[in-house]
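Each remark here refers to the structure printed beneath this line.
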Amino acid sequence: MNFQAEPEFLGFYGGATGGGEAAYVAAFGSFCDDRLYLTRRQWHDSGKTSMGAGFLPGFDPKKLDVDLDDAFQPLVFEGIPGGIFSAHPNIIRRGGGYELFTWLHGPGPVVRYVKGVSSDGIRFRILNFDRPCLYHPADQLVKDAGADGLIHRDSSGEIRLSGDGRSPERRRELVSNDATYVRFDGATGSYEMYSVLLIDSALYPERRVAYDNAPGWLRMIHRRTSPDGLEWSPPELVITPQPGDSTDLQFYGLTGCDLPEGRFGLLGHYPVAAQTMELEPCFSRDGRTWTRFGVWKNLRSSLSLQGDPVQILFPGPVRNVDGSLLITASAANCLHNQFGKLPKEQYRTGIAVFQCEKRPKSSV
């Protein structure tokens with residue numbers, strides 16, 4: 001398949017939303033059965049937002065005229081405290097059931113990646129809330145831990161033991177940004193994760209952009225493996241800037257799908273100085289060594305949301321359909337450092353749907 005050729009834009013699934021309407025975010029969601037699992041972000045009169053994971057049933061790229069508010073079905077979680085929101089649901093079909101990997105956000109603060117199981121793909125029992133797969137650096141256990149890493153303040157201000165039984169060093173190994181993709185490898189019977197390693201920008205001051213929303217970090221793609229989806233290996237860097245890349249380039253996440261000849265990857269190509277984001281195709285035969293093909297240069301600039309130019313394309317789920325690639329992305333009209341800072345009426349978002357038809361194979 002010729003990965004350099006730009007895919008065909010089919011349209012925005014459910015149209016573009018804006019003006020304070022709920023935003024439906026496909027970024028780091030997943031396809032499973034005929035469902036598109038994704039995140040709904042709702043605006044409130046206070047100006048704040050809340051998130052929730054769910055799915056759109058009967059996803060059909062040939063039928064884009066869908067009322068997203070009517071179609072959306074929320075997921076239900078057991079085994080977590082109240083007041084917790086979920087985002088970026090990654091669903092895997094296994095053994096007649098469903099497995100979920102998702103980021104949870106809540107008071108504390110709690111920002112952690114967990115695994116759940118379900119018989120119907122709707123109601124999930126979370127297996128490891130207290131001993132999660134990953135921690136975001138904002139999570140209380142890694143942000144506010146004491147010297148021994150076991151004591152912290154809970155949401156009421158009281159000091160209590162964390163109870164996850166991990167050393168501070170082990171917790172640091174499990175810190176990641178919240179843009180994560182998990183696949184199950186049927187050949188090895190193990191899980192494979194791609195997420196964003198956060199590297200202290202003080203180590204590479206020439207790459208730091210002061211007006212980024214997280215100037216203290218540089219984002220690179222790392223890989224982990226697990227025998228059970230609960231305990232994960234230390235991070236292994238697999239995609240970093242190369243000679244010829246701009247100094248400010250970072251990578252915001254990797255999604256993809258399996259192909260007969262290897263793995264297709266959809267990379268969030270993030271030139272931080274511009275605060276925009278492009279989609280970049282890549283390919284790997286083993287999941288560790290990736291070949292990048294450069295961004296689809298005209299893709300983002302050719303799109304508009306209710307008349308506004310698209311500034312961001314976050315990578316969404318990808319599906320191999322008889323050798324053609326069905327690609328989704330979350331489109332937004334604002335720059336990356338404007339998220340959460342503009343009046344809700346100014347935001348425009350959409351689920352962009354693309355298709356790469358069968359073409360002659362690339363040189364990979």
Exercise. Run the numbers on Ile327 and Leu266 for side-chain contact (heavy atoms from CB on, under 4.5 Å), then give the verdict.
Key: CA-CA 9 Å; Ile327 294 171; Leu266 189 64; 3.6 Å; yes
Report yes if some heavy atom in the side chain of [X] is under 4.5 Å from a heavy atom in the side chain of [Y]; otherwise report no.
| X | Y | result |
| --- | --- | --- |
| Thr247 | Tyr204 | no |
| His136 | Arg112 | no |
| Cys334 | Gln311 | no |
| Pro315 | Leu267 | no |
| Ile351 | Ser330 | no |
| Val111 | Trp103 | yes |
| Tyr194 | Arg263 | yes |
| Glu99 | Lys115 | yes |

Practice problem: I would like to know whether Phe28 and Tyr181 meet ring pair (Phe, Tyr, Trp, His ring centres under 6.0 Å); could you show each step before the answer? | Solution: CA-CA 6 Å; Phe28 308 103; Tyr181 163 59; 8.8 Å; no
Distance check, rounded to the nearest 0.5 Å: [X] atom [atom1] versus [Y] atom [atom2]?
| X | Y | atom1 | atom2 | value |
| --- | --- | --- | --- | --- |
| Ser201 | Gln250 | OG | CD | 8.5 Å |
| His222 | Met193 | NE2 | CE | 6.5 Å |
| Ile122 | Phe77 | CD1 | CZ | 12.0 Å |
| Leu259 | Leu325 | CG | CG | 6.0 Å |
| Glu78 | Leu127 | CD | CG | 11.0 Å |
| Ile92 | Cys32 | CD1 | SG | 9.0 Å |

Polar contact flag, side-chain donor to acceptor under 3.5 angstrom, [X]-[Y]:
| X | Y | answer |
| --- | --- | --- |
| Ser284 | Asp286 | yes |
| Arg41 | Thr49 | yes |
| Glu278 | His269 | no |
| Asn90 | Tyr37 | no |
| His336 | Tyr270 | yes |
| Ser190 | Glu192 | no |
| Thr349 | Thr17 | yes |
| Tyr98 | Asp33 | yes |

Quiz item: Do Phe264 and Phe283 have ring centroids that are under 6.0 Å from one another?
Solution: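 No, the ring of Phe283 stays outside the 6.0 Å limit from the ring of Phe264, centre to centre.
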Quiz item: Are Phe31 and Phe59 close enough that their ring centres sit under 6.0 Å apart?
Solution: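 Close enough - the centres of the two rings lie under 6.0 Å apart.
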Hey, does the side chain of [X] reach the backbone of [Y] with a donor-acceptor pair shorter than 3.5 angstrom?
| X | Y | answer |
| --- | --- | --- |
| Asp120 | Arg123 | yes |
| Gln242 | Thr240 | yes |
| Arg125 | Val117 | no |
| Asp200 | Leu203 | no |
| Thr39 | Ala53 | no |
| Gln42 | Ser50 | no |
| Gln346 | Pro343 | no |
| Asp139 | Val142 | no |
| Tyr347 | Asn333 | no |

What's the shortest heavy-atom distance between [X] and [Y], and which atoms?
| X | Y | value |
| --- | --- | --- |
| Phe12 | Ala16 | CB-N, 4.3 Å |
| Gly106 | Ile84 | CA-CD1, 3.8 Å |
| Leu254 | Cys282 | CD1-SG, 3.7 Å |
| Pro107 | Gly83 | CD-O, 3.3 Å |

Is there a path of hydrophobic side-chain contacts, each under 4.5 Å between heavy atoms of I, L, V, M, F, W or Y residues, that connects [X] with [Y]?
| X | Y | value |
| --- | --- | --- |
| Leu56 | Leu10 | yes |
| Ile91 | Phe55 | yes |
| Leu326 | Leu38 | yes |
| Phe354 | Phe293 | yes |
| Phe339 | Leu313 | no |

Presence of salt bridge, [Y] and [X], under 4.0 angstrom:
| X | Y | result |
| --- | --- | --- |
| Asp65 | Lys63 | no |
| Glu231 | Arg170 | yes |
| Asp248 | Arg207 | no |
| Arg171 | Asp164 | yes |
| Asp245 | Arg292 | yes |
| Asp130 | Arg166 | no |

Practice problem: For the pair Arg224 and Ser233, evaluate side-chain contact (heavy atoms from CB on, under 4.5 Å) and give the outcome as yes or no after the intermediate values. | Solution: CA-CA 5 Å; Arg224 302 174 191 259; Ser233 65; 3.7 Å; yes
Practice problem: Could you tell me whether Arg219 sits above the aromatic face of Phe251, with NZ or CZ closer than 6.0 angstrom to the six-membered ring centre and within 45 degrees of the axis? | Solution: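 Output no; distance or angle outside limits.
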Self-check item: Whether Tyr191 and Phe184 hold their rings parallel, tilted or perpendicular, with breakpoints at 30° and 60°
Solution: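 Tyr191 and Phe184: perpendicular rings.
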Self-check item: Worked check of side-chain contact (heavy atoms from CB on, under 4.5 Å) between Ile239 and Arg223
Solution: CA-CA 9 Å; Ile239 301 180; Arg223 172 184 180 268; over 6 Å; no
Practice problem: Could you please spell out the steps behind the side-chain contact (heavy atoms from CB on, under 4.5 Å) verdict for Val295 and Leu279? | Solution: CA-CA 6 Å; Val295 299; Leu279 301 179; over 6 Å; no
